[in-house]
Enquirer: 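Supplied in structure tokens, the structure appears directly below.
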Amino acid sequence: MPDPRILAHVDTLRLAVKQPFNFRYTLWKPSHFATGLEQHSADTSWRTFRVGELLTGVVMAMEDADTLRAEVYADGAWQEADRDRLTARLTHSYGLDEDISAFVAQAEQVPPMREPLAALAGMRQSCPENLFEIAIISLLLQNATVARTTQMMTNLLDHYGRVVEFDGVTLKAFFTPEEIVGVDEATFRERDRLGYRAKYIGRFAEFFATHDPDVADHADKAELMREFQTIKGVGPYTAAIIASHAVRDPSALGLDVWNRKLLAKRFLGVDDAEADVVMAEMTRLFPGYEGLAGLYVIEDAYRAQAVVELIE
DNA sequence: CTCCAGGGGGGCG
DNA sequence: CGCCCCCATGGA
């Protein structure tokens, strides 16, 4: 692990949020595994972002009910364009300007959803990762336990990522596509323990080296998703993770062994069921919001026992 | 020892 | 298309 790069305070952003907005459960998801890229307390979140060539660290908290304040730290000259780019990234990552009231009205009519809705009121999808970063994470989630996913993620970040220090915290920062395009398959396999995923990760890097991953608010999301699925290693599950997280499609729901059982229990009253049966029930209950509905159930289940707890 | 995990590719009929 | 097999590996 290299010495941390010290970041200097360069900006303060004040971002309007659309009500209902739940700061805590939007920025911190109890189900998310440890990456070292972020840290959360009861009322504050710290997170790193790659903004163009810059390494940035952001400290976020609510200034008042309708305003999220972000203190920005960076490792170089901070231009107006960087401010705009980070503002767009934060707004998109956390869906700050989205109106989820239609989903709430719909979900309130479904009895098994009332408790998650009450506990997580105002929570929305979150994806501080850009398209490239979430693609890497979803690749590591394939057919692996969370412990093994965490191990692979740790290897990649420690070998190709960065370490930064800002506001008294030390966090890891993601690598860019360009920073891993030169790494060969054998290295990913043997040094980073990626297994068969070593065959695919290079394709991801090549794709995003030529398709700017910061352009998450793509002009044509359907076209982006179609193009994305031509990458070897991206199947229905991985594509749904991208659609649901980075593209913020509230209907996209990636069913895996883990959430399939959780949703089967909640909505069908059985320990497990075929994926298409679970999906059909989600569509019957939450047309257009299958993914967001699933998120409420999943995060509620992990609320009492978070994978990564809040710090003091 | 076996089994399986927050899947996906490729071959075959 | 559906079905089958293979992929890799650490933890239970």
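Bear in mind the structure is a predicted one, so any value in this text is a computation, not a measurement. Just so we're on the same page: letters track the sequence lines, and every chain starts at 1.
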Enquirer: Under the salt bridge (Lys or Arg N to Asp or Glu O under 4.0 Å) test, which residues partner A:E98, sequence neighbours left out?
Expert: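 Applying salt bridge (Lys or Arg N to Asp or Glu O under 4.0 Å) to A:E98 gives A:R248.
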
Enquirer: With side-chain hydrogen bond (donor to acceptor under 3.5 Å, both in side chains) as the criterion, how do A:Q125 and A:Y94 come out once you've worked through the C-alpha distance, each side chain's angles and the decisive distance to 0.1 Å?
Expert: CA-CA 7 Å; A:Q125 293 155 291; A:Y94 302 115; over 6 Å; no

Enquirer: Pick base, sugar-phosphate or nothing for A:R197, based on heavy-atom distances below 4.0 Å to the nucleic acid.
Expert: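 The answer is nothing, as A:R197 stays clear of every strand by at least 4.0 Å.
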
Enquirer: Can you tell me how far C1' of B:dG9 sits from OH of A:Y200, to the nearest Å?
Expert: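 Checked: the OH to C1' distance equals 5 Å.
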
Enquirer: Between A:I231 (CD1) and B:dG8 (P), how many Å, whole number?
Expert: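 In whole Å, B:dG8 P and A:I231 CD1 are 12 Å from each other.
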
Enquirer: I need the CG-P distance between A:D256 and B:dC4, as an integer number of Å.
Expert: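 Between P of B:dC4 and CG of A:D256: 17 Å.
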
Enquirer: Nearest whole Å is fine: how far is B:dG8 C1' from A:K199 NZ?
Expert: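 After rounding, the reported distance stands at 10 Å.
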
Enquirer: With a 4.0 Å cut-off on N to O distance, would you call A:R260 and A:D271 a salt bridge?
Expert: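 Answer for the salt bridge query: no.
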
Enquirer: If the test is side chain to side chain contact (heavy atoms under 4.5 Å, CB included), which one of A:I298, A:L295, A:V278 qualifies with A:N259?
Expert: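 For A:N259, the side chain to side chain contact (heavy atoms under 4.5 Å, CB included) test succeeds with only one of A:I298, A:L295, A:V278, which is A:I298.
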
Enquirer: Name the nucleic acid region contacted by A:K232, choosing base, sugar-phosphate or nothing; use a 4.0 angstrom heavy-atom cut-off, strictly under.
Expert: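 Contact class for A:K232: sugar-phosphate only.
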
Enquirer: Please confirm whether the shortest side-chain N or O distance from A:T145 to OP1 or OP2 of B:dC4 is below 4.0 Å.
Expert: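 So the side-chain polar atoms of A:T145 never come under 4.0 Å of the phosphate oxygens OP1 or OP2 of B:dC4.
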
Enquirer: Give a yes or no answer on whether the side chain of A:R24 reaches the backbone of A:S41 with a donor-acceptor pair at less than 3.5 Å.
Expert: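 Present.
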
Enquirer: Would you call the rings of A:F207 and A:F228 parallel, tilted or perpendicular if under 30° counts as parallel and over 60° as perpendicular?
Expert: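 Perpendicular: the ring planes of A:F207 and A:F228 meet at over 60°.
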
Enquirer: Measure the distance from CG on A:L140 to C1' on B:dA5 and round it to the nearest whole Å.
Expert: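 It works out to 14 Å between those atoms.
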
Enquirer: Are any of the side-chain nitrogens in A:E63 or A:R14 under 4.0 Å away from the carboxylate oxygens of its partner?
Expert: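 Answer for the salt bridge query: yes.
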
Enquirer: Mapping A:A144 and A:V234 to their closest nucleotides on DNA chain B, which lands nearer the 5' end?
Expert: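 Here A:A144 is the residue nearer the 5' end.
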
Enquirer: Quick one: label A:S31 by what it contacts on the DNA or RNA (base, sugar-phosphate, nothing), any heavy atom closer than 4.0 Å.
Expert: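 Since a base atom lies under 4.0 Å of A:S31, the category is base.
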
Enquirer: In whole angstrom, give the distance that lies between atom CG of A:L139 and atom P of B:dG7.
Expert: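 From A:L139 CG to B:dG7 P: 12 Å.
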
Enquirer: Does A:D11 come within less than 4.0 Å of A:R83, counting only side-chain N to carboxylate O?
Expert: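 Salt bridge between A:D11 and A:R83, a charged N being under 4.0 Å from a carboxylate O: yes.
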
Enquirer: Would you mind checking if A:E129 and A:R47 are paired as a salt bridge, meaning a charged N to carboxylate O distance below 4.0 Å?
Expert: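 Judged by the 4.0 Å cut-off on N to carboxylate O distance, A:R47 and A:E129 do form a salt bridge.
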
Enquirer: Please work out if A:F33 contacts a base, only the sugar-phosphate, or nothing of the nucleic acid, heavy-atom cut-off 4.0 Å.
Expert: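 Touches nothing.
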
Enquirer: When the P atoms of C:dG2 and B:dG6 are considered, how many whole Å apart are they?
Expert: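 Looking at atom P only, C:dG2 and B:dG6 are 26 Å apart.
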
Enquirer: Sticking with atom C1', work out how far B:dA5 lies from C:dC3, rounded to a whole angstrom.
Expert: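 It comes out at 22 Å once rounded to the nearest Å.
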
Enquirer: Going by side-chain heavy atoms closer than 4.5 Å, which hydrophobic residues are tied to A:L55, directly or by a chain of links?
Expert: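 Taking Ile, Leu, Val, Met, Phe, Trp and Tyr as members, A:L55 shares its hydrophobic cluster with A:L7, A:W46, A:V59, A:Y73, A:V164, A:F166, A:V169, A:L171, A:I311.
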
Enquirer: Starting at the 5' end of DNA chain B, write a dot or bracket for each base, bracketing those in Watson-Crick or G-U wobble pairs whose two distances are under 3.5 Å and using | for partners on another strand.
Expert: .||||.|||||||

Enquirer: Only pairs under 3.5 Å count here: list side-chain donor-acceptor contacts from residues 108-123 of chain A, not counting sequence neighbours, and write none if there are none.
Expert:
{"residue": "A:R114", "atom": "NE", "partner": "A:E108", "partner atom": "O", "Å": "3.2"}
{"residue": "A:E115", "atom": "OE2", "partner": "A:R303", "partner atom": "NH2", "Å": "3.2"}

Enquirer: From the 5' end of DNA chain C to its 3' end, which nucleotides mark the outer limits of contact with chain A, defined by a 4.0 Å heavy-atom distance cut-off (strictly under)?
Expert: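 Taking any atom under 4.0 Å from a heavy atom of chain A, the span is C:dA8 to C:dG10.
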
Enquirer: Would you indicate what A:V257 reaches in the nucleic acid, counting non-hydrogen atoms under 4.0 angstrom: base, sugar-phosphate, or nothing?
Expert: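 Sugar-phosphate contact only - A:V257 comes under 4.0 Å of backbone atoms but never of a base.
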
Enquirer: Over how many whole Å does the gap from A:R148 atom CZ to B:dG7 atom C1' extend?
Expert: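 So the CZ-C1' distance, A:R148 to B:dG7, works out to 13 Å.
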
Enquirer: Return the residues of residues 258-285 of chain A meeting this criterion: a heavy atom under 4.0 Å from some atom of DNA chain B. Order them by number, or give none.
Expert: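 Within residues 258-285 of chain A, the residues near DNA chain B are A:W258.
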
Enquirer: Before accepting this row, confirm whether a basic side-chain N of the pair A:D84/A:R89 lies closer than 4.0 Å to the acidic partner's carboxylate O.
Expert: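 Between A:R89 and A:D84 there is no salt bridge, as every charged N stays at least 4.0 Å from the carboxylate O atoms.
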
